[in-house]
Amino acid sequence: MKKIYLICSLALFLLITAGISYFLIRDASAKVPANIALMNQNGETRNFGEDKKLKLVEFIYTNCPDICPTTTQKMVQLKSDLEKSNVFGKEIQFVTITIDPYRDTPEVLQKYMNAFEITNSDNWIFLTGDQENIKADQKKIREVAESLQFQYKDPGNGQFVHTSFTYLIDENNKYVSKFPMGEEFDKQEVYEEIMDEIE
């Protein structure tokens, strides 16, 4: 009986270890395709790979009642810390991508930015789809999301169910790290990770 217990315990341990290893390897090999072009908050086409900087990538939808705006607010505070260290815009930029391009037009994204007093610049880019090519651009957004293992679904009421992570990627769009969204977003932890990558 003891032997069976030990064998079962060992098998369980190996399965858990294999599962953890799988997710770590999967995340470490994640990379956003550099050739994906989307529309920014000013209605201009932006290629995801054109800026050779670290990027903190946030996925949102502007009708989100809680986790998305909370994350954006914490990123605003993080931006202030990075500006004090003279690296924001020079070494790192923020990229916010809507998962609801049908509703989140460039005009809507600008209103969202204004609500958080985010300066309209290339240092913090908001991306959506072109309304004239919305189905194709929605597929591009999903491709970016899935490349980072970010999952989302609209159950039909406009209130998306989605993964709750933000992502740090390097100048080649390769995954570096991920951080919880919402109240669990620790701006000090993210700040330290960014500074470690810069150094």
query: How would you list, by chain and number, every residue that makes a salt bridge (charged side-chain N to carboxylate O under 4.0 Å, His left out) with Asp122, sequence neighbours excluded?
result: Arg46
task: Quick one: list whatever passes side chain to side chain donor-acceptor pair (under 3.5 Å) with Gln110, sequence neighbours left out.
output: Asn42
task: Mind checking ring pair (Phe, Tyr, Trp, His ring centres under 6.0 Å) for Tyr167 and listing every partner two or more places apart, or none if nothing turns up?
output: none
- request: Could you walk me through whether Tyr61 and Cys68 pass side chain to side chain contact (heavy atoms under 4.5 Å, CB included), step by step?
  value: CA-CA 7 Å; Tyr61 67 105; Cys68 298; 4.2 Å; yes
message: Ser85: which residues meet the side chain to side chain donor-acceptor pair (under 3.5 Å) condition with it, sequence neighbours left out?
response: Tyr191
task: Could I get the full list of side chain to side chain contact (heavy atoms under 4.5 Å, CB included) partners for Glu107, not counting sequence neighbours?
output: Thr105
field: Donor-acceptor contact present, side-chain Asn40 to main-chain Gly43, <3.5 Å
entry: yes
- request: Kindly say whether Asn172 contributes a backbone atom to a donor-acceptor pair with the side chain of Asp170 at under 3.5 angstrom?
  value: yes
field: Sub-4.5 Å side-chain heavy-atom contact between Arg103 and Asn63
entry: yes
message: For a quick test of reading the model, state the closest non-hydrogen atom pair linking Val95 to Trp124 and the distance between them.
response: N-CD1, 4.5 Å
Contacts of Phe185 that satisfy ring pair (Phe, Tyr, Trp, His ring centres under 6.0 Å) - sequence neighbours left out: none
- request: Mind jotting down which residue pairs meet the salt bridge (Lys or Arg N to Asp or Glu O under 4.0 Å) criterion with at least one end in residues 130-143? Sequence neighbours excluded, please.
  value: Asp137-Lys140
task: Report the residues that fulfil side chain to side chain contact (heavy atoms under 4.5 Å, CB included) with Asn86, sequence neighbours left out, ordered by chain and then residue number.
output: Lys90
- prompt: Above 12 or not: heavy atoms from other molecules or residues under 6.0 Å from CD of Gln159?
  reply: yes
message: My understanding is that only residues two or more places apart in sequence, or in another chain, count here; which of them pass side chain to side chain contact (heavy atoms under 4.5 Å, CB included) with Thr62?
response: Ile60, Asp104, Val108, Leu109, Tyr112
task: Answer with yes or no whether the side chains of Thr163 and Gln151 bring together a donor and an acceptor at under 3.5 Å.
output: no
- prompt: Can you tell me if Tyr152 uses its side chain to pair, donor with acceptor, with the backbone of Ile99 under 3.5 Å?
  reply: no
- line: Looking only at heavy atoms, the pair that brings Glu171 and Lys52 closest together is O-CD, 3.4 Å
task: Mind jotting down which residue pairs meet the salt bridge (Lys or Arg N to Asp or Glu O under 4.0 Å) criterion with at least one end in residues 75-89? Sequence neighbours excluded, please.
output: Lys79-Glu83, Asp81-Lys187
- request: State, to 0.1 Å, how close Phe126 and Ile118 come at their nearest heavy-atom pair, and which atoms those are.
  value: CZ-CD1, 3.8 Å
- prompt: Within the distance-only criterion (no hydrogens, no angle test), does the side chain of Gln131 pair as donor or acceptor with the backbone N or O of Pro101 below 3.5 angstrom?
  reply: yes
task: Taking side chain to side chain donor-acceptor pair (under 3.5 Å) as the test, write out the residues that go with Lys55, two or more places apart.
output: Asn173
Non-neighbouring partners of Glu189 that pass side chain to side chain donor-acceptor pair (under 3.5 Å), sequence neighbours left out: none
Any donor-acceptor N/O pair, Gln41 side chain to Asn120 backbone, under 3.5 Å: no
query: Which atoms form the tightest heavy-atom contact between Ala145 and Phe59, and what is the distance?
result: CA-CZ, 3.6 Å
- request: Ignoring hydrogens and angles, tell me if any N or O in the side chain of Thr128 forms a donor-acceptor pair with the backbone of Met39 under 3.5 Å.
  value: no
message: Has Thr119 got a side-chain atom pairing as donor or acceptor with Ser121's backbone, closer than 3.5 angstrom?
response: no
query: Is it true that a side-chain atom of Glu91 and a backbone atom of Ile198 form a donor plus acceptor pair closer than 3.5 Å?
result: no
